[in-house]
Amino acid sequence: MDDFVFVSGRLSLDLAGTLLWRRGRRTELLRCPDDLGRWIRQAGLLDAPGPLDPRALSRTCRLREAVYTLVGAWPLTPAADTEVREALAEVNEAARLPLPRHQLDEDGQLTRTGGVDEVLGAVARDAVDLLGGADFARVRECLNEDCTRLFVDLSRSANRRWCGMAECGNRHKVANYRKRRQQTTH
């Protein structure tokens, strides 16, 4: 069952996108450790995350919120508040964790192993690379006024407006179509 979307172009932003509609009817996609395990597998981080507990879920959600906070406040100013500075410390601390172990067997089969520390390390390093690199200038928030998903606009024209066409982009197209139809029938 693939129930997570990976449309942001960056692992750290995809994790941040597991809390939807932050300005309104917040929808938590990581409700239990099993949800976290599915996200880890679908993100391609680990083949079998092993047993995850509520503490692993809490740590992951804490990093998720730190990434979201930091991206929204980056680059930091001298007047950055405590929440933003704590988010930076959280991301930097997690970035020091080990990465998932990747191995190839003789048949060329890739195996990805590790635990929650390795997942957090991979996500945090991605966030550090994003914030410290050229891609950060292309980070956008979906233009659907209800959506708060972040993404890196890698389109050739640099004018991507939606987190994804399957949800927000399509909703906008349908709403515009209905509006045009309504105007022509009146």
Side-chain angles (χ1 to χ4, degrees), residues 2-31 35-46 49 56-76 80 83-97 99-100 112 116-172:
D2 289 349
D3 50 357
F4 296 102
V5 295
F6 296 87
V7 295
S8 74
R10 294 302 290 246
L11 177 64
S12 55
L13 299 182
D14 283 329
L15 179 62
T18 61
L19 179 60
L20 304 174
W21 322 108
R22 290 168 181 266
R23 287 188 284 272
R25 57 180 166 94
R26 295 165 65 98
T27 302
E28 174 63 73
L29 300 180
L30 299 179
R31 295 174 300 277
D35 293 339
L36 175 58
R38 278 197 330 280
W39 184 87
I40 291 169
R41 281 189 301 282
Q42 290 173 25
L45 286 167
L46 303 175
L57 179 62
S58 174
R59 290 176 66 204
T60 304
C61 289
R62 203 169 53 244
L63 179 60
R64 173 190 70 192
E65 294 311 299
V67 166
Y68 190 84
T69 297
L70 207 49
V71 169
W74 199 256
L76 297 189
E83 179 187 12
V84 174
R85 293 189 184 287
E86 287 173 355
L88 178 60
E90 180 85 27
V91 168
N92 280 334
E93 182 178 329
R96 290 189 286 273
L97 293 170
L99 293 175
R112 297 166 293 211
V116 73
D117 278 355
E118 287 77 7
V119 168
L120 297 178
V123 169
R125 285 194 199 170
D126 179 72
V128 167
D129 289 345
L130 174 64
L131 294 166
D135 278 353
F136 184 74
R138 299 187 89 163
V139 171
R140 311 277 186 269
E141 183 177 82
C142 181
L143 285 185
N144 174 345
E145 64 187 39
D146 296 324
C147 184
T148 55
R149 192 180 301 269
L150 302 168
F151 61 89
V152 177
D153 179 1
L154 297 175
S155 67
R156 209 174 288 162
S157 59
N159 67 350
R160 180 176 163 192
R161 301 181 311 164
W162 316 110
C163 61
M165 285 307 293
E167 194 166 322
C168 292
N170 192 47
R171 284 183 185 172
H172 179 75

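- Among all heavy-atom pairs drawn from Trp74 and Leu88, the shortest one is CZ3-CD1, 4.2 Å.
- At most 12 non-hydrogen atoms from other residues, nucleotides or ligands lie less than 6.0 angstrom from CD of Glu93.
- The shortest heavy-atom contact between Ala66 and Ala87 is O-CB, 3.5 Å.
- Taking CG of Leu19 as the start and CD of Glu28 as the end, the distance is 5.5 Å to the nearest 0.5 Å.
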Yes or no on side chain to side chain contact (heavy atoms under 4.5 Å, CB included) for Ile40 and Thr60, after CA distance, side-chain angles and deciding distance? CA-CA 11 Å; Ile40 291 169; Thr60 304; 6.0 Å; no
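- Annotation for Glu118 and Pro100: closest pair O-CD, 3.3 Å, computed over non-hydrogen atoms.
- In this structure, Arg125 contributes its side chain and Ala95 its backbone to a donor-acceptor pair below 3.5 Å.
- When atom types are taken as modelled, the side chain of Asp153 and the backbone of Val139 share no donor-acceptor pair closer than 3.5 angstrom.
- Side-chain atoms of Arg160 come within 3.5 Å of backbone N or O of Cys163 as a donor-acceptor pair.
- Applying the side chain to side chain contact (heavy atoms under 4.5 Å, CB included) rule to Leu97 yields the partners Arg59, Ala94, Asp117, Leu120; only residues at least two apart in sequence or on another chain are considered.
- If you take CG on Asp14 and CH2 on Trp39, they are separated by 7.0 Å, rounding to the nearest 0.5 Å.
- When each of Val123, Leu131, Leu70 is tested with Ser12 by the rule side chain to side chain contact (heavy atoms under 4.5 Å, CB included), just one qualifies, namely Val123.
- Closest approach of Asn144 and Trp162 over heavy atoms only: N-CZ3, 3.4 Å.
- Under the side chain to side chain contact (heavy atoms under 4.5 Å, CB included) rule, Leu150 has a single partner from Val67, Leu130, Val71, which is Val71.
- A donor-acceptor contact shorter than 3.5 Å links the side chain of Arg10 to the backbone of Asp126.
- The nearest pair of heavy atoms linking Tyr68 to Glu141 is OH-OE2, 3.4 Å.
- Counting heavy atoms from C-beta on, the side chains of Gln42 and Asp3 come closer than 4.5 Å.
- In this structure, the side chains of Thr69 and Glu90 stay at 4.5 Å or more apart for every pair of heavy atoms.
- Judged by distance alone, the side chain of Arg140 and the main-chain N or O of Asn159 form no donor-acceptor pair under 3.5 Å.
- Without hydrogens or angle criteria, Arg23 side chain to Cys147 main chain gives a donor-acceptor distance under 3.5 Å.
- What you find for Leu20 and Arg149 is that their closest heavy atoms are CD2-NH2, 3.0 Å.
- Looking at Arg22 and Glu65, a side-chain N of the basic residue comes within less than 4.0 Å of a carboxylate O on the acidic one, giving a salt bridge.
- Under the 4.5 Å side-chain criterion, counting only non-hydrogen atoms from C-beta, Leu29 is not in contact with Asp35.
- To the nearest 0.5 Å, the span separating CZ on Phe6 from CG on Leu13 amounts to 12.5 Å.
- The SG atom of Cys61 lies 11.0 Å from the CZ atom of Arg31; values are rounded to the nearest 0.5 Å.
- With hydrogens and angles ignored, the 3.5 Å screen pairs no side-chain donor or acceptor of Arg38 with any backbone N or O of Phe4.
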